[in-house]
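Everything on this sheet refers to the single structure shown next.
The figures here come from the full heavy-atom set of this structure, side chains too, leaving out hydrogens, waters and symmetry mates.
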Amino acid sequence: MERYLIVYRGSTVDESEGPQHDAGRWDAWFDSLGNALVERGGLARSSVEVPSRLRGPKLNSASLSGYSVIAAVDFNAAVEVAESCPIFDEKGSVEIARLVDAGR
């Protein structure tokens, strides 16, 4: 099994319009992952992007909303897991990356 980072982007956690964050739905999704869930991670509020050391932070429309780490046999299996994520119900998206040890 390989490890994959799922980054959640653009959640409506702080928005007053549209679908709202539903903690119960997230808990149920995490529970449904069973042994595939390596690290639940966390959800974030109020992120900014720092594009370089010479520029200050800027707000990003696809702001970081959180992350989790899962185990899957391959990238396609990781995508299948991510497709059932509640972030899509909150008008957000995911980014998926295979994790490798930093020394390799």
Query raised in the report: Given side chains that start at C-beta, do those of Ile6 and Tyr67 come closer than 4.5 Å, heavy atoms only?
Result: no
Query raised in the report: Going from CG on Leu99 to CD on Glu2, what distance comes out if it is rounded to the nearest 0.5 angstrom?
Result: 10.0 Å
Query raised in the report: Just wondering, do Val7 and Val94 contact through their side chains at under 4.5 Å, heavy atoms?
Result: no
Query raised in the report: Who passes side-chain hydrogen bond (donor to acceptor under 3.5 Å, both in side chains) against Asp27, sequence neighbours left out?
Result: Arg40
**Report entry** Within-4.5 Å side-chain heavy-atom neighbours: Asp101 and Arg3
**Finding:** yes
Report task. Over all heavy atoms of both residues, which pair between Arg9 and Leu64 is shortest? Give the atoms and the distance, please. Result -> NH1-N, 4.0 Å
**Report entry** Check: Ser93 and Tyr8 side chains under 4.5 Å, non-hydrogen atoms
**Finding:** no
Report task. Apply side-chain hydrogen bond (donor to acceptor under 3.5 Å, both in side chains) to Arg98 and list each qualifying residue two or more places apart in sequence or on a separate chain. Result -> none
Query raised in the report: Would Trp26 and Glu90 satisfy side chain to side chain contact (heavy atoms under 4.5 Å, CB included), going step by step from the backbone distance to the final call?
Result: CA-CA 11 Å; Trp26 280 88; Glu90 298 176 9; 2.9 Å; yes
Query raised in the report: Would one find more than 12 heavy atoms of other residues, nucleotides or ligands at under 6.0 Å from atom CG of Asn35?
Result: no
Query - Heavy-atom side-chain proximity of Ile96 to Leu5 below 4.5 angstrom - result: no
Query - Any side-chain heavy-atom pair of Met1 and Val73 under 4.5 Å - result: yes
Query - Short side-chain to backbone donor-acceptor contact, Tyr4 and Phe75, under 3.5 Å - result: yes
Which donor-acceptor pairs under 3.5 Å do the side chains of residues 76-87 make with protein atoms, sequence neighbours left out?
{"from": "Ser84", "atom 1": "OG", "to": "Trp29", "atom 2": "NE1", "distance (Å)": "2.8"}
{"from": "Ser84", "atom 1": "OG", "to": "Val81", "atom 2": "O", "distance (Å)": "2.8"}

